[in-house]
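Note that ligands are numbered from 1 as they come in the structure, with each ligand's atoms numbered from 1 the same way.
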Amino acid sequence: MNKALKNIISGKITKEDILSLLILDDAFEVYKAADKIRREYVGDEVQVREIIEISNYCKQKCLYCGLQSQNKKLKRYRMTPDEVVDRVRWSIPLGYKTVVLQSGEDDYWTDEIVCDIVKKIKEMDFAVTLSFGEKSYDTYKKYRDAGTDRYLLKHETCDKELYKYLDPGMSFENRIQCQKNLKDLGIQVGSGIMIGLPGQTLDSIADDIMLFYEMDYDMIGISPFIPHQDTEIGNSHSGDVDLVRKAVAVTRIILKDVHLPVTTAFSTLNEREGKLLMLASGANVIMPNITPMEYREMYEIYPNKDSKDIEPFVYKEKLLALLKDAGRSISTSYGHRIKH
Ligand code: SAH
């Protein structure tokens, strides 16, 4: 067996070994090891988390994201609070037990409005994940008191210079502080990165994985960067899907019981085949989009999002068929991380 792989499996985690796995031409052994560890620690059940994109207004200027405030071509929308709650009620027959609400950084969603929505969703017996960007400790505390179980806030890249360039007005340090605050409050934290950002190095991706290990996140989304034509870096290349797959596998081997989604961006580049490959290389989470059809086109973080035209009940049929082929099933639990 590859020596670096052996070290990492045995719990000796170093950046050098991570890097040497990321540059492998043939990473079959790594995928196989990740698949085995995934089965041992989180089993064959796939966690399904439905996601509703509630608003595409955003005050930030992230160079990679189609929702950036300077993108004047994008038609903006915002669901009403009642519409959000109704959509979750509508989704009950789908049988998923956990819902993610995501939005651009949109100040319309005051603490009061968000907490009211969370309480109403909790009454319907769902685990609730929010993904609204960077907020104060106090706001996260209110979210928690209302019943929020989890929060998604990817650190995007740990290369501080690159972060500063790509996210004008924001800082890597504050991003990490937000994650620490969430963790401190007992909210499960989802982080993650994009792979293939212009200027990003393999060395920094190894650092990202070391950070996953140090921060011990509950969920980690690793996705390829996909250029959006109406952004400053729209002429760049998409991220390398094999590198994404290797990063996911290595992360599984290191963090063992963590939740790792098949990121939508990955399926976008490599649809059905992509999902199967990721599920066989360490991933155990799928996030079906249940945003009302009329808004989907407008939540364009990157172009050609996977399954964006597929109605949720039709998607579920496809998902069941896919999981059957993969020898996996849908979890009926709330999908909390169970630490070993
Ligand atoms: N505003 C929230 C959530 C919305 S963006 C937040 O800041 O967390 C959700 C995620 O989409 C981002 O964390 C980023 O990792 C991803 N994303 C944005 N632009 C992308 C692109 N061009 N390609 C791939 N992923 C992208």
Would you say Arg175 contacts ligand 1, with heavy atoms under 4.0 Å as the rule? yes
Fit a plane to each ring of Tyr295 and Tyr77, take the angle between them on a 0 to 90° scale, and name the class: parallel (under 30°), tilted (30 to 60°) or perpendicular (over 60°). parallel
Pair Ser191, Gln179: side-chain N/O donor-acceptor within cut-off below 3.5 Å: yes
Find all atoms of ligand 1 within a distance of less than 4.0 Å from any non-hydrogen atom belonging to Lys154, and give their numbers and elements. 13 (O), 15 (O)
Selection from Tyr64, Tyr299, Phe225 by shortest heavy-atom distance to atom 4 (C) of ligand 1: Tyr299
Note the single closest protein heavy atom to atom 26 (C) of ligand 1, along with its residue, its atom name and the distance in Å. Met194 SD, 3.4 Å
Does ligand 1 have any atom that is closer than 4.0 Å to a heavy atom of Ser103? yes
Walk me through whether Trp90 and Phe313 qualify under ring-ring contact (aromatic ring centres under 6.0 Å, His included). CA-CA 11 Å; Trp90 172 91; Phe313 283 87; 5.3 Å; yes
For atom 10 (C) of ligand 1, decide whether some protein heavy-atom distance is shorter than 4.0 Å. no
Less than 4.5 Å apart, any side-chain heavy atom of Asp306 and any of Lys275? yes
Nearest protein heavy atom with distance in Å, relative to atom 19 (N) of ligand 1: Ile301 CG2, 3.0 Å
With ring-ring contact (aromatic ring centres under 6.0 Å, His included) as the criterion, how do Phe225 and Tyr64 come out once you've worked through the C-alpha distance, each side chain's angles and the decisive distance to 0.1 Å? CA-CA 8 Å; Phe225 160 66; Tyr64 44 80; 7.2 Å; no
Contact between ligand 1 and Tyr151 is defined here as a heavy atom of the residue under 4.0 Å from a ligand atom; is it met? no
Hey, is Lys97 close enough to Asp125 for a salt bridge, meaning N to O under 4.0 Å? yes
Short N-O contact, Arg337 and Asp216, less than 4.0 angstrom: yes
Check: Ile226 N/O within less than 3.5 Å of ligand 1 N/O: yes
State if His228 counts as touching ligand 1 under the rule of any non-hydrogen atom under 4.0 Å. no
Looking only at distances, can you tell me whether any N or O atom of Glu156, backbone or side chain, sits closer than 3.5 Å to an N or O atom of ligand 1? yes
Side chain, backbone, both or neither: which part of Gln60 has a heavy atom under 4.0 Å from ligand 1? neither
Identified side-chain contact (heavy atoms from CB on, under 4.5 Å) partner of Met210 from the options Leu19, Ile18, Thr14: Ile18
Using the six-membered ring wherever Trp is involved, compare the ring planes of Tyr151 and Tyr140 and label them parallel, tilted or perpendicular (cut-offs 30° and 60°). perpendicular
Aromatic plane relationship, Tyr217 with His155 - under 30° parallel, 30 to 60° tilted, over 60° perpendicular: parallel
Whether Cys58 lies under 4.0 Å from ligand 1, heavy atom: no
Counting heavy atoms only, which of Pro224, Gly239, Gly190 is nearest atom 24 (C) of ligand 1? Pro224
Distance filter under 4.0 Å to Cys65 heavy atoms, resulting ligand 1 atoms: 19 (N)
